[in-house]
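The figures that follow rest on heavy atoms only: side chains count, while hydrogens, waters and symmetry mates do not. Labels below follow one simple rule: chain letters A, B, ... track the order of the sequence lines, proteins then strands, and each chain is numbered from 1.
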Number of protein chains: 2
Amino acid sequence: MNNRRFAVSVHILILLQQAQGSYVSSSYLAGSININPVLVRKELINLRKHGFVQAREGKNGGAALAKPAADIRLADVYHAVREKNILGENRTEPNPKCPVGKQINGHLEEVYHSAEQALVRQLESETLASFSKRFT
Amino acid sequence: MNNRRFAVSVHILILLQQAQGSYVSSSYLAGSININPVLVRKELINLRKHGFVQAREGKNGGAALAKPAADIRLADVYHAVREKNILGENRTEPNPKCPVGKQINGHLEEVYHSAEQALVRQLESETLASFSKRFT
DNA sequence: TCATCTGTAATAATTGTTGTTACAGTACAA
DNA sequence: TTGTACTGTAACAACAATTATTACAGATGA
């Protein structure tokens, strides 16, 4: 990720879902999340790129959901903010002269992949609609 | 985590497993992993705390596995390096005056928990022994 | 008693993340 | 047609987290 982005994105989407189609400004969103509006706008651009939200510029502009909350799974949001495997990209180059070092990243990658798959499958079970029902 | 620690710990354990009980120095381990020996020693201290390895000080000292590789699951290693939920600790305080902000961390935590559970269950299926079979 | 190792602290360097400022461009509304 | 309230975006500053480095006391074996 970075992981924070997942929380921010979900937070944004929940707020938009509650706005029921009316356009919400990045400052308002930022106020609820308690982060900088520019970060929100960046996140919105990403969410838009993935088809979750639409934006309107200019006065009374803002963002709104682009599709029904029932059609947005938390797993989809996860994919939208995912940058690398959650268990960690292998940033270092282990020693290629060592038989273990030479192979380990490849083997770890397989483990990482299946572990992340399991996590994603779990996130597939919850949609923005079902998740937002928790908010009373 | 931080995620890197998981890879480092697994790497260490694989090397120790291959050493078949003989003691391996932190410099040697660091050389294969290609990181600083002090980091390795810190990681070894953690692995020891969790009962995976034993250490011997002084000349010809080093580390060795403290239990059979078959009794160490990757999930156990994960727990040993885990610091917070992998999907992210909610570092920021959302606006408590916002009905969504006030509740979201609690609700996210539940989602995070079940997602991580799924990931861990997957890691339970692989032991250090089975994983090390991949190395030829 | 020397050499080699761990354990540990303190601190520096590096990288990653988040916040801030600034401003061009869009759209509405008076 | 001009002011106001927004987005989109870049550039950069501040801060946090991670990793590396240096240093050294203490253990152990030869």
Side-chain angles (χ1 to χ4, degrees), chain A residues 1-9 11-12 15-16 19 22-31 33-49 52-64 66 81-95, chain B residues 1-9 11-12 15-16 19 22-31 33-49 52-64 66 81-95:
Chain A
M1 293 219 227
N2 96 53
N3 298 339
R4 180 80 168 292
R5 290 184 56 204
F6 180 69
V8 169
S9 286
H11 197 145
I12 289 171
L15 289 168
L16 297 186
S22 63
Y23 284 73
V24 184
S25 76
S26 63
S27 314
Y28 178 84
L29 297 170
I33 304 171
N34 193 22
I35 60 172
N36 194 285
V38 175
L39 271 193
V40 172
R41 298 208 277 269
K42 280 181 186 163
E43 214 48 56
L44 281 170
I45 287 167
N46 183 54
L47 290 170
R48 197 179 51 176
K49 199 174 79 190
F52 302 138
V53 310
Q54 53 193 138
R56 204 162 60 180
E57 293 191 1
K59 191 163 181 180
N60 298 121
V81 300
R82 191 196 121 109
E83 285 163 1
K84 57 188 181 219
N85 190 291
I86 195 166
L87 274 173
E89 177 171 55
N90 298 119
R91 278 178 285 180
T92 41
E93 269 315 310
N95 188 341
Chain B
M1 293 220 226
N2 92 55
N3 298 338
R4 178 81 167 292
R5 291 184 56 204
F6 180 69
V8 168
S9 286
H11 197 144
I12 290 171
L15 289 168
L16 297 185
S22 64
Y23 284 74
V24 184
S25 77
S26 63
S27 315
Y28 177 83
L29 298 170
I33 305 171
N34 193 24
I35 59 172
N36 195 285
V38 175
L39 271 193
V40 172
R41 298 209 277 269
K42 281 182 184 161
E43 213 49 55
L44 281 170
I45 287 167
N46 184 54
L47 290 171
R48 197 179 49 176
K49 199 173 80 190
F52 303 138
V53 309
Q54 53 192 137
R56 205 163 58 180
E57 294 191 2
K59 191 161 183 181
N60 298 121
V81 299
R82 190 197 123 110
E83 286 163 1
K84 57 187 182 220
N85 190 291
I86 195 165
L87 274 173
E89 177 171 55
N90 299 117
R91 277 179 287 181
T92 41
E93 268 316 309
N95 188 341

Closest to side chain of B:Val38, choosing from C:dG7, D:dG8, D:dT22
D:dT22
Strictly below 4.0 Å: does A:Arg5 bring a side-chain N or O up to OP1 or OP2 of C:dT18?
no
Checking all strands, does A:Ser27 fall into the base, sugar-phosphate, or nothing category for heavy-atom contacts under 4.0 angstrom?
nothing
Quick one: is B:Arg41 getting a side-chain N or O under 4.0 Å of the C:dG7 phosphate, OP1 or OP2?
no
Would you say that more than 12 heavy atoms from the other residues, nucleotides or ligands in this model lie under 6.0 Å from the OH of A:Tyr23, or not?
yes
Nearest 0.5 angstrom please: B:Lys42 NZ to B:Asn46 CG, how far?
12.0 Å
Using heavy atoms to find the nearest nucleotide of DNA chain C for B:Ala63 and A:Glu57 separately, return the residue whose nucleotide is more 5′.
B:Ala63
Over how many whole Å does the gap from A:Lys59 atom NZ to C:dA29 atom P extend?
7 Å
Whole-Å distance separating the CG atom of B:Asn60 from the P atom of C:dT6
10 Å
In this structure, how many angstroms lie between the C1' atom of D:dA11 and the NZ atom of A:Lys42, rounded?
9 Å
Rounded to the Å, how far apart are A:Ile33 CD1 and C:dG19 P?
11 Å
Whole angstrom is fine here: how far is it from CD in A:Gln54 over to P in D:dG8?
12 Å
Would you say A:Ser25 places a side-chain N or O within less than 4.0 Å of OP1 or OP2 belonging to D:dC6?
no
Nearest-0.5 Å distance that lies between atom CG in B:Asn34 and atom CG in B:Leu29
13.0 Å
Which value, rounded to the nearest 0.5 Å, describes the distance between A:Tyr28 atom OH and A:Leu15 atom CG?
6.0 Å
Rounded to whole angstrom units, what separation is found between the CD atom of A:Glu43 and the C1' atom of C:dG19?
15 Å
Quick check on C:dT18: is either OP1 or OP2 less than 4.0 Å from any side-chain nitrogen or oxygen of A:Arg4?
yes
Is any side-chain heavy atom of A:Val40 less than 4.5 Å from a side-chain heavy atom of A:Glu43?
no
Take the protein atom CD1 of B:Ile35 and the nucleotide atom P of C:dT15, then report the distance between them rounded to whole Å.
16 Å
Between B:Asn36 and D:dT21, does any side-chain N or O lie under 4.0 Å from OP1 or OP2?
yes
Between atom CG in B:Leu39 and atom P in C:dA9, what is the gap in whole Å?
15 Å
